[in-house]
Colleague: 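First, the structure itself, so that you have it in front of you.
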Amino acid sequence: MPTVSRSKSAFRPKPNRPERFSAIVRTMWILFGAGILGSVLYILAVSVNFLNLFGRMPNFKTLENPKSEIASEVYSADGVLMGKYFRENRTPVDYEDLPQNLIDALVATEDSRFEEHSGIDARATARVVAGVASGGMLGKSGGGSTLTQQLAKLLFRTREDLNDGALNDVKGLGMLITKTKEWILSVRLERNYTKREILRMYLNQAEYGSNAYGIFTAAKTFFNKKPRNLNLEESALLVGLVNGPSVFNPVRHPERAKRRRDWVLSQMRKYQYLDDAAYSAALAKPIKLDYKVENQNEGIAPYFRVEVSKMLRQWAKETEHDLYADGLKIYTTIDSRMQKYAETAVADHMKLQQKWFDAHWKGQQPWRDENGRLIPNFLSTSIKRTERYRALQLRFPDHPDSVKYYLNKKYRMKVFTWNGGEKEVLMSPMDSLAYYKRLLHAGFMAMNPLNGQVKAWVGGINFKYIKYDHVKQGKRQPGSTFKPFVYVAAIDQEYSPCFQRPDVATTFPAVAGRPAYTPKNFEGSFSGRTFTLRQALARSMNSITAWLVQKLGPQMVVDYAHRLGISSPIEAVPAVGFGSSDVSIYELAGAYSTFVNKGVWTAPMMVTRIDDKNGNVLREFVPQTKEALREETAYLMTYMMRGAVEEKGGTSIILRTGFKFPYQIAAKTGTTSNYSDAWFMGMTPDLVCGMWVGGEDRSIHFRTGAYGQGSKLALPIYGIFMKQVYKNNKDIGISTGEFPKPAEPLSIEIDCSKYYGGLRDTIPYEQKQNPVDLKDIDQEDI
């Protein structure tokens, strides 16, 4: 046989079976160890954001105190929640306020082994890995996230804020990194918090749709309940909303929402939180909602809250707080009861005035010039000041016909109306402008003159549709409500309330191109009779006011107005005493308070204290004051202005003869040219009220004093308001006593009775001619 040549290797003996097995085991252990080491290094790298490859991770301080947006709450002085400031409307609740059926529904639906794991459910994770291995995608295999992982995602915004590493944009890898962060954070959360705390945090953090963040707001939004009062079916519905707030919204998709609710109930039965009987009974019940989305248009004193927010935003900026997310508690000066009376008084009176105004201008357009002539192109000029017009100009910069087309195109819209609050109409933007231009507007403010605290603030007739505030934002000519600044200057120049002056014309000579000026009385004539200064102010006589301005000089009147807190620019002209320069209700109320507060001006005060979410005091506010008048001067001014209610011919005598108020009230009415603005200021020993009524534009107003003067168009708001205050005064505690006299005896005589008789029993003639007499004002309101 031929010889076969073989290499040595061909005859190398094969390892026996035990040796081969040992090699495989060693290899597996090496691979396993390498995998463990790699996983540890990977997790460590993600934890520290190695080379900024994986994105940020929360530090331990953040983990111990995770940031959650909580709505800041605004409270009245008497402890009523007025409203909130928020981006996410969230109010946290304690675990003890959560019903057991809500907890059971959540665990059964989202994490049935919640009590068994420490943040990561190994069985669920394995199911996800198997799904990926079989061709699925990470994050879409379902069922992998525990409640704790979902909480980590919600609290730390892992898929938004922490998604900023160099590798996060790599498809597939980015989601793995995000999931890894959620695993790490869930383990840390489990170490830092109890299971109960995690459940509470989850329910407080979750979004439920309809601008409801957290279970407290969700329960209120969908069922008008507190969480502790939720029944089984309601709890199941809210838990069902968590993973699809829009998809399962019970208002928009009621059938879909019910199927989702029923599925949650089936999960509760599956994991033995419900027996068959309870499950069947719950399944048969329909969804019953008491649905109302909470928004910042609603609540007590919305105009006031907007003004407060301006101050709070500045404070927050200076102190590094977030007004809309820090869960602050803001305690204001508003009295919720007085605020309600003020809002009701404005609404009741303005509804009636709007009815008369519409009848007054029926079939005519109310925008008129000083001579009563129709203002041409009024609406086409006014529309150019609107946001809609500016938006159309940007959209069609070189196509005026297109702008005109859309301004006159009719749309379905809702508008404010005194009949029911709002109605749906078919209107074009031009129609809407014309509609709103015909509305009368109003502003009202009440404050305590002794400490500056604002007790009521009504900035307009409807905040939802008309945001413009007529208390502080709006400024108009104050008319005769400016006359007290003339008279207080006169008192300081040693003019007595009993000083006499004839009702004759006073002429300011022409100067520097300005023609001669002779102010007329409201009646248009001069009686020639002699009146005391108290009578003259009570009757609001222009002739005697003009004489005082001429004697004192316009600049002195301006100086006194500024001394008493008027911050708006005031022009030193002969007409200054008749309110020729614009001011706000806010300024006038603060200035008038000086008379009541013994000559001390006190800035109107809106907030008393700010607490953080844990109840720690962050800031307390104190009144800002300054000495402005002698105590005697201040008292003499309240005595002078009491004449409007007590003197014959007083412009506010209806408060005594009509509203039957037996208490001391000091008052002043105001009316501007053509009845464009109607004002009233009312004072008692611890309450000063200011109000204004008029059109959005000065050219829109009544044509006669029978309707348009301050004593008819503004004063009744005060009467209706004070009637309710006095009626419920046992709880509110407003003083019904006399204005306190100075500590020192008066240096002058103020009993002017030797010059004229006592209080006239009847309403003055000019008020008899007014259609606004007692029978026109609902007797229930007087």
Side-chain angles (χ1 to χ4, degrees), residues 93 95-128 130-131 141-151 154 194-196 198-209 212 214-216 218-219 221-223 225-291:
V93 296
Y95 184 87
E96 290 70 24
D97 294 320
L98 301 173
Q100 188 61 46
N101 57 48
L102 179 69
I103 299 296
D104 293 344
L106 179 64
V107 172
T109 304
E110 298 295 330
D111 190 353
S112 61
R113 286 186 292 277
F114 175 69
E115 295 290 345
E116 301 169 20
H117 62 69
S118 297
I120 300 174
D121 186 343
R123 191 187 307 176
T125 302
R127 184 172 63 248
V128 173
S141 302
S145 292
T146 64
L147 269 173
T148 316
Q149 288 172 241
Q150 293 180 46
L151 176 61
L154 291 171
T194 67
K195 291 290 186 178
R196 283 190 171 194
I198 290 170
L199 287 169
R200 175 184 60 82
M201 292 166 69
Y202 182 91
L203 287 166
N204 281 331
Q205 191 66 24
E207 179 184 356
Y208 298 83
I215 191 62
F216 180 90
T221 298
F222 291 100
F223 302 109
K225 289 184 176 182
K226 292 183 177 180
R228 68 175 63 181
N229 298 323
L230 292 170
N231 62 34
L232 171 62
E233 301 79 39
E234 293 163 346
S235 293
L237 185 139
L238 293 180
V239 167
L241 280 174
V242 170
N243 279 334
S246 298
V247 175
F248 301 116
N249 184 289
V251 177
R252 297 192 185 96
H253 311 293
E255 294 182 2
R256 192 185 299 167
K258 187 176 185 305
R259 287 196 299 270
R260 176 66 176 177
R261 184 205 70 174
D262 294 349
W263 181 81
V264 172
L265 292 170
S266 71
Q267 291 294 103
M268 296 180 72
R269 182 184 62 168
K270 175 180 177 181
Y271 293 107
Q272 299 181 356
Y273 292 106
L274 294 179
D275 58 28
D276 290 343
Y279 169 69
S280 298
L283 209 63
K285 292 181 181 180
I287 292 176
K288 292 184 179 180
L289 301 176
D290 188 353
Y291 179 76

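Side chains included, hydrogens not; waters and symmetry mates left out as well; all remaining heavy atoms used.
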Colleague: Calculate, to the nearest 0.5 Å, the distance between atoms CZ and NZ belonging to R200 and K195 respectively.
Modeller: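 Output value for this atom pair is 15.0 Å.
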Colleague: Any idea which heavy atoms bring P245 and G209 closest together, and the distance?
Modeller: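 Scanning both residues completely, I find the closest heavy atoms to be CB-N, 3.5 Å.
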Colleague: Check I287 against P254 and note the closest heavy-atom contact, atom names and distance.
Modeller: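 Taking every non-hydrogen atom into account, CD1-O, 4.1 Å.
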Colleague: Please report the interatomic distance CE(M201) to CG(L154), rounded to the nearest 0.5 Å.
Modeller: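 CG of L154 is found 10.5 Å from CE of M201.
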Colleague: Hey, does N204 have a side-chain heavy atom less than 4.5 Å from the side chain of F216?
Modeller: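 No, every pair of side-chain atoms sits at 4.5 Å or beyond.
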Colleague: Between E233 and A282, what is the shortest heavy-atom contact and its length?
Modeller: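 Of all heavy-atom pairs spanning E233 and A282, the closest is OE2-CB, 3.5 Å.
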Colleague: Would a distance-only check, ignoring hydrogens and angles, find a side-chain to backbone donor-acceptor pair under 3.5 Å from T221 to A218?
Modeller: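 The answer is no, because no donor-acceptor pair under 3.5 Å joins these two groups.
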Colleague: Near K270 NZ, under 6.0 Å, is it more than 12 heavy atoms from other residues, nucleotides or ligands?
Modeller: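 Not more than 12 within 6.0 Å, no.
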Colleague: Are I103 and Q100 side-chain neighbours, meaning at least one heavy-atom pair lies under 4.5 Å?
Modeller: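 Yes, close enough: below the 4.5 Å cut-off.
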Colleague: With side chain to side chain contact (heavy atoms under 4.5 Å, CB included) as the test, pick out the partner of L147 among T109, L203, D111.
Modeller: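 Only one option passes, and that is D111.
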Colleague: Less than 4.5 Å apart, any side-chain heavy atom of L106 and any of F114?
Modeller: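 A side-chain contact is absent here, since even the closest heavy-atom pair is not under 4.5 Å.
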Colleague: Quick one: does Y271's side chain get under 4.5 Å of V107's, heavy atoms only?
Modeller: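 Y271 does not reach V107 side chain to side chain.
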Colleague: Under the 3.5 angstrom rule, does the side chain of R269 hit a backbone N or O of Y279 as a donor-acceptor pair?
Modeller: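 No, R269 side chain to Y279 backbone: no donor-acceptor pair under 3.5 Å.
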Colleague: side-chain hydrogen bond (donor to acceptor under 3.5 Å, both in side chains): which pairs involve residues 242-256, sequence neighbours left out?
Modeller: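 Residue pairs with at least one partner in residues 242-256: E110-N243, S210-N249.
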Colleague: Is the shortest heavy-atom distance from the side chain of S235 to the side chain of V264 under 4.5 Å?
Modeller: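 They are not in side-chain contact.
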Colleague: Please report the closest heavy-atom contact between V242 and Y208, naming both atoms and the distance.
Modeller: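 For V242 versus Y208, the nearest heavy atoms are CG2-CE2, 3.7 Å.
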Colleague: Grab the two heavy atoms, one from A236 and one from A105, that are nearest each other, plus how far apart they are.
Modeller: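 Closest approach of A236 to A105: CA-CB, 4.5 Å.
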Colleague: Yes or no on side chain to side chain contact (heavy atoms under 4.5 Å, CB included) for F222 and D290, after CA distance, side-chain angles and deciding distance?
Modeller: CA-CA 6 Å; F222 291 100; D290 188 353; over 6 Å; no
Colleague: Sequence neighbours excluded, which residues qualify as salt bridge (charged side-chain N to carboxylate O under 4.0 Å, His left out) partners of R228?
Modeller: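 Checked R228 against salt bridge (charged side-chain N to carboxylate O under 4.0 Å, His left out); matches are D97.
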Colleague: Taking all non-hydrogen atoms of both residues into account, name the closest pair between F248 and A257 and its distance.
Modeller: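 What the structure gives for the nearest pair is O-CB, 3.3 Å.
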Colleague: Mind checking the CD-OG1 spacing from E116 to T146? Nearest 0.5 Å is all I need.
Modeller: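 It is 12.5 Å, given to the nearest 0.5 Å.
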Colleague: Once rounded to the nearest 0.5 Å, what's the spacing between atom NZ of K288 and atom CG of L237?
Modeller: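 Separation between the atoms: 14.0 Å.
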Colleague: Hey, are the side chains of K285 and L232 touching, using non-hydrogen atoms and a 4.5 Å cut-off?
Modeller: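 Sidechains of L232 and K285: no contact.
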Colleague: Could you grab the distance from atom CD1 of I215 to atom CG of L102, nearest 0.5 Å is fine?
Modeller: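 Between atom CD1 of I215 and atom CG of L102 there are 5.0 Å.
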Colleague: Between K225 and N231, does the side chain to side chain contact (heavy atoms under 4.5 Å, CB included) criterion hold? Intermediate values first, please.
Modeller: CA-CA 10 Å; K225 289 184 176 182; N231 62 34; 4.2 Å; yes
Colleague: Between atom NZ of K226 and atom CG of L98, what is the distance when rounded to the nearest 0.5 Å?
Modeller: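 It comes to 13.5 Å.
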